[in-house]
Amino acid sequence: MSVQAILPRIMEIGAGASRKLPEVLAVLGCRRPLLVTDRMMVELGYAERLQAPLNERGIACETFADTVPEPTAASIQAGVAKVREGDYDAIVALGGGSPIDSAKAIAILGRHGGQIRDYRFPRQVNEPGLPVVAIPTTAGTGSEVTRFTIITDESSDEKMLCAGIGFMPQAALIDYELTLSLPARTTADTGIDALTHAIEAYVSRKANPYSDSQAIAAMRLLGPNLRRVYRDGGDRAAREAMMLGATLAGIAFSNASVALVHGMSRPIGAFFHVPHGLSNAMLLPSVTAFSIPAAERRYAKCAHAIGIAAESDDGAQANAKLLAFLHELNSELKVPTLEQFGAERARFEQLLPTMAEQALASGSPGNNPRVPDQAQIVELYQGLWR
């Protein structure tokens, strides 16, 4: 059976890749871009760094910097209005997963109208929006190379998955130098997010030889370097490895889908405002333990790729080392429990049925090697408090 692999038309990878923005826009035939980013990127000077060479070439690039973490249907509306009122022919997305996800949604709604809930999964959005040039500043979400975006419907506190070729950026400029200033907490959360993408893509029921090759390569880069870069944010070799690993993990899950961790993670983020990578980290050890019996060989190969299992280890030994590694990683990277994060237990218990229902409705749990029912998802959620 053949597999359809979808990638950006143009990818520039390595130190200084972001400086190729003028040339990339020229190749795409675009001269009126809108920069979609957040306030931090403006304050750090990253936005001006992109705009200066464009201005030198006579390309005016206005800025929309009002994206927010964990974007909502309401938060993207000002950007949609700006696009519909302006005369833009491209969107440059600068930042972590939230600005890039916002930019993808703005690109579709700005061209086709409607509300973002009209485009939610299971609809496949294959009609093109405005061309997006994605420039990630974190080594985590892989959004620069995926056909997905996640936007929260604040009326129901549901994180909506939107999918389709229309959400794939036309170009991705992957410049690890933009991650050198990331604080340790963001480095940890986005790094675990990337590792989760790689593991879930590899064990997904939709895995295929193409996605497997990307996922294994990603784990080989991410596994040995995540703790290194957490300890020393200026470690350029580790930063470069993490950035490439995150992009490869994004390619892997864009072509194989994520699984149970992500399905359960989205409601935690929506209801308790836990950053996405952090909620993944909270869930990854327990969901992995739940899933191993249905895919022992696959998880064992993850342990080998990450570099924590010896060639002489059998499947059981490798998987035991994988679980130990995930627990140790959370401990070293100071991943809090949901209670330590500040969630109220009474509200959590009250929301458990809704969270489990939303997790199942996302479709991601159906890709898991061991597909849970609603009661099992509730039990896994309850384990976050033990």
Side-chain angles (χ1 to χ4, degrees), residues 8-10 21-22 24-42 46-48 50-51 54-55 57-121 123-136 141 143-144 146-156 158-173:
R9 282 175 56 193
I10 300 169
L21 177 60
V24 169
L25 287 172
V27 170
L28 295 176
C30 300
R31 291 193 55 83
R32 299 181 304 281
L34 173 67
L35 178 61
V36 174
T37 187
D38 59 28
R39 292 294 176 186
M40 184 58 68
M41 291 296 102
V42 174
Y46 286 180
E48 196 278 332
L50 291 181
Q51 289 170 310
L54 294 176
N55 291 334
R57 299 186 184 208
I59 300 174
C61 182
E62 295 184 19
T63 300
F64 175 77
D66 291 333
T67 66
V68 299
E70 312 297 325
T72 66
S75 75
I76 64 173
Q77 281 307 309
V80 173
K82 188 173 183 68
V83 166
R84 294 185 72 83
E85 293 165 5
D87 185 28
Y88 306 106
D89 59 7
I91 289 180
V92 176
L94 173 70
S98 294
I100 295 177
D101 276 5
S102 297
K104 289 178 175 183
I106 290 169
I108 289 291
L109 293 177
R111 172 163 283 182
H112 299 291
Q115 301 295 319
I116 192 61
R117 63 180 58 88
D118 301 331
Y119 298 88
R120 63 186 294 185
F121 182 83
R123 177 176 174 179
Q124 288 294 311
V125 182
N126 294 327
E127 54 267 45
L130 287 175
V132 173
V133 179
I135 306 176
T141 68
S143 188
E144 70 276 5
T146 75
R147 54 188 175 87
F148 305 112
T149 189
I150 305 291
I151 306 293
T152 299
D153 181 348
E154 60 271 60
S155 66
S156 61
E158 178 185 359
K159 282 197 170 186
M160 297 180 292
L161 171 65
C162 302
I165 297 172
F167 290 110
M168 177 64 73
Q170 288 286 303
L173 311 185

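Residue numbers count from 1 along this sequence.
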Let me check something: any side-chain donor-acceptor pairs from residues 159-170 under 3.5 Å, sequence neighbours excluded? List them with distances.
from   : atom 1 : to    : atom 2 : distance (Å)
Lys159 : NZ     : Glu70 : OE1    : 2.3
Gln170 : OE1    : Arg9  : NH1    : 3.2

When rounded to the nearest 0.5 angstrom, what distance separates [atom1] in [X] from [atom2] in [Y]?
X      : Y      : atom1 : atom2 : result
Leu21  : Cys30  : CG    : SG    : 10.0 Å
Ser102 : Ile76  : OG    : CD1   : 7.0 Å
Thr149 : Asp101 : OG1   : CG    : 3.5 Å
Leu94  : Asp38  : CG    : CG    : 7.5 Å
Ile150 : Lys104 : CD1   : NZ    : 9.0 Å

- Do the side chains of Tyr46 and Met40 get nearer than 4.5 Å, heavy atoms only?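 Met40 does not reach Tyr46 side chain to side chain.
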- Item | Between Lys82 and Thr63, a side-chain donor and acceptor under 3.5 Å |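 On atom types as modelled, these side chains do not qualify, holding no pair under 3.5 Å.
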- Item | Thr152 and Glu158: side chain donor to acceptor below 3.5 Å |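 On atom types as modelled, these side chains do not qualify, holding no pair under 3.5 Å.
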- Message: Once salt bridge (charged side-chain N to carboxylate O under 4.0 Å, His left out) is applied, do any residues pair with Arg147, and if so which ones, sequence neighbours excluded?
- Response: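 Listed in chain order: nothing, the list is empty.
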- Can you run down the salt bridge (Lys or Arg N to Asp or Glu O under 4.0 Å) pairs that involve residues 72-81, sequence neighbours left out, and say none if there aren't any?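 Every candidate salt bridge (Lys or Arg N to Asp or Glu O under 4.0 Å) pair involving residues 72-81 fails, so no pair, neighbours aside, qualifies.
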- Hey, is Asp153 close enough to Arg120 for a salt bridge, meaning N to O under 4.0 Å?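 Looking at Asp153 and Arg120, the cut-off is not met.
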